[in-house]
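Take a look at the structure below.
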Amino acid sequence: MIRLLAAIDTARLVHLSGIDLVIIIFYFALVLAIGFYLKGRSNTGEDFFMAGREMTAWIAGLSFLSANLGSLELMGWAGAAYQYGILAAHWYWIGAIPAMLFLALVMMPFYYISKTHSVPGYLKLRFGEGSRALSSISFAFMTVLMSGINMYSMALVLKIVLGWDINFSIIVSSATVAIYVSLGGLRSAIFNEVLQFILIWAGALLIPILGLIEAGGWSGLQARIMTNGKTEYTHLWSTLGHFGDNPMGIHWTGIVFGLGAIISFGYWTTDFLVVQRVLSAKDLRAAKMAPIIGASFKMMVPFIVILPGLLALAVLPMKLMPEAQALATGGHSYNEVLPLMLARYCGPGLLGLGITALIAGFMSGMAGNVSAFTTVWTYDIYRALIKKDASDAHYVSMGRWSTVIGVAISIGTAYLVMDFKSIMDYVQALFSFFIAPLFGTVILGMLWKRATPAGGFWGLLAGTVSSVGMWAWVKIDPAALRYVALSPRARDMAENMYRALWSWLICVLITVVVSLVTTPKSESELTGLVYGVTEIPSEALVPVYQRPWFWAIVVSVCFVIVNVVFW
Amino acid sequence: MKTGGVISIWLFIGISLLVNGLLIFGAGCFEYFHPPAERVVLYDVHANIWWGALLAALGAGYCIYFAPRKGRD
């Protein structure tokens with residue numbers, strides 16, 4: 001096997017030693033072993049799709065974060081940090097922490113008490129079959145595209161760093177994911193995600209540590225970046241007063257309202273990829289603690305993702321460029337930041353672990369997408385629209401097959417992303433299409449009992465169509481950017497933020513207007529689904545230090561501190 | 001935290017850290033006594049030695065603590 005792998009590589013950034021290859025092969029063997037070990041515990045639908053609803057808060061919480069920590073998170077945001085500076089950290093702090101805490105404290109009780117198996121499943125209970133069909137189809141579409149992004153990111157790493165053939169990388173890694181998810185279902189995906197989370201940290205943590213040693217600490221890093229004429233790259237908020245003052249071309253309103261209020265709340269509270277992990281928790285308190293645990297680790301992720309991007313600005317001798325330009329000139333693209341930094345600092349063994357971390361990131365992201373796709377496809381599309389009365393065993397079998405088919409479709413989408421100059425811009429575009437309007441529908445459904453089934457459906461449809469419409473408008477007429485993003489100088493990221501904001505507002509507006517002229521459901525039909533008619537279990541007998549509220553406050557204080565420190 | 005089966009997920013993690021740590025530590029020691037011609041930046045820090053040892057120690061701790069035993073599930 002080692003000789004086979006060694007024979008495949010050609011031109012490459014680094015040369016793997018035998019030890020490195022052993023570490024990579026050991027990782028593949030371990031994730032497959034977990035899949036085979038858990039095979040016998042995924043025979044019912046509840047086991048296969050919901051992991052038996054018996055995960056502890058820690059496992060659900062780490063899995064919740066790990067499913068999000070795919071290779072595009074690692075590579076894409078490291079590249080974004082090189083491109084946009086520390087502004088990229090907004091996607092980890094204001095773009096994640098408030099939303100994760102909101103999910104834990106406000107939304108989780110409704111998801112959990114309703115005993116839904118998915119977010120589209122909740123929409124079915126709250127708004128009816130039409131909303132479920134719309135959200136499940138758009139989610140399935142988005143998920144396989146996201147899976148393709150992860151696959152492309154991973155194949156790119158292995159091509160650049162190891163010189164491995166892209167097809168070989170894609171087939172081996174995606175087949176491994178397909179095997180362990182189809183064998184053990186969500187439980188296998190979750191267990192492997194926890195393992196992958198630890199490996200990502202073990203493999204990636206050395207880059208910022210060694211980078212800071214080389215740069216002379218944070219002050220040395222700032223000084224080097226300033227020498228390169230990029231003084232605004234190390235400030236989180238102070239450059240957001242005007243569109244032209246920061247490398248992202250964004251105003252603080254776009255970050256606060258577009259990212260912080262819409263995109264992040266939409267992603268962290270309604271994207272079933274992450275919510276599914278929390279739904280597998282063993283009880284409501286574990287389900288509420290899981291996102292809080294995830295939030296505390298999420299706050300630390302910039303140390304292994306954003307900081308390496310900044311360090312690359314300071315220490316790498318070459319200048320990185322957009323993907324298309326790199327392909328044309330033979331240079332290195334933004335997305336190659338992490339591999340380049342790995343090659344810079346990591347010798348035999350460490351390099352293998354670093355590559356394993358990137359592969360683990362790819363697999364956790366892909367397994368997250370695939371297991372979520374499988375559940376939505378089987379329960380919300382296949383069972384709801386195609387075959388309503390089959391046995392539980394039939395749906396489990398469909399789940400296993402749809403895992404394999406979902407992976408196969410994802411492979412086809414991997415090549416689509418190569419036309420985008422930055423992977424993360426592409427991801428944000430997808431979020432603004434589907435996630436932002438979905439958040440409008442779900443939040444109104446949970447907090448406003450007057451929202452009607454017709455209002456939910458038409459609001460969701462209008463939000464999604466308007467988002468895609470705004471995207472197409474700017475593509476056809478770039479001058480439209482001044483209307484969509486409020487400035488002709490706005491960059492792709494800023495455009496995505498504002499498009500998400502408008503599509504959410506349109507969704508909410510249409511939902512409210514249609515609801516006010518149509519008949520609402522009775523209160524008895526809304527019990528367990530909506531605020532005001534749902535009894536939330538009391539935590540009065542639980543010690544303060546075990547209450548979700550207490551830890552949410554601790555995380556909130558840390559969140560404020562990091563924003564002030566890097567202001 | 002055994003969630004999901006007889007063997008805890010944390011034991012799998014312990015095994016992974018222990019094996020990887022030992023391999024990295026071994027590679028670091030070999031490199032220390034046989035320095036390569038092409039060296040990475042900050043080679044003199046010998047990160048693979050101390051990082052490998054740290055991972056191995058952590059992994060060993062996990063393996064001992066979460067090993068399946070009679071009377072404990």
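In what follows, chains are A, B, ... by sequence order, proteins preceding strands, each numbered from 1.
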Quick check: B:Tyr32 with B:His46 (ring centres under 6.0 Å apart)? yes
Considering only heavy atoms from C-beta outward, does the side chain of A:Gln196 approach that of A:Ile359 to under 4.5 Å? no
For the residue pair A:Arg277 and A:Ser371, confirm or rule out a side-chain donor-acceptor distance under 3.5 Å. yes
Segment of B:Ile13 engaging chain A (4.5 angstrom heavy-atom cut-off): both
Below 6.0 angstrom between ring centroids: does that apply to A:Tyr37 and A:Phe191? no
Checking heavy atoms, do the side chain of A:Leu351, its backbone, both or neither come under 4.5 Å from chain B? neither
Select one option (side chain, backbone, both, neither) describing which atoms of B:Val41 are under 4.5 Å from chain A's heavy atoms. both
Under a 3.5 Å cutoff, is there a donor and acceptor pairing between the side chains of B:Glu31 and B:Tyr43? no
Output all residues satisfying side-chain contact (heavy atoms from CB on, under 4.5 Å) with B:Ile15, sequence neighbours left out; order by chain, then residue number. A:Phe26, B:Leu11, B:Val19, B:Cys63
Per-residue contact mode, A:Ile198 against chain B (heavy atom under 4.5 angstrom): side chain
A:Leu350 versus chain B, heavy atoms under 4.5 Å apart: side chain, backbone, both or neither? both
Which region of A:Leu195, side chain (C-beta onward) or backbone (N, CA, C, O), has a non-hydrogen atom less than 4.5 Å from a non-hydrogen atom of chain B, or is it both or neither? both
Would you mind checking which part of B:Leu23 comes under 4.5 Å of any heavy atom in chain A, side chain (CB onward), backbone (N, CA, C, O), both or neither? both
Specify which of A:Ala33, A:Ala202, A:Gly347, A:Gly52 makes the most heavy-atom pairs with chain B at under 4.5 Å. A:Ala202
Under 4.5 Å heavy-atom distance to chain B, tell me which part of A:Leu342 shows up: side chain, backbone, both or neither. neither
Are A:Ser66 and A:Glu193 linked by a side-chain donor-acceptor pair shorter than 3.5 Å? no
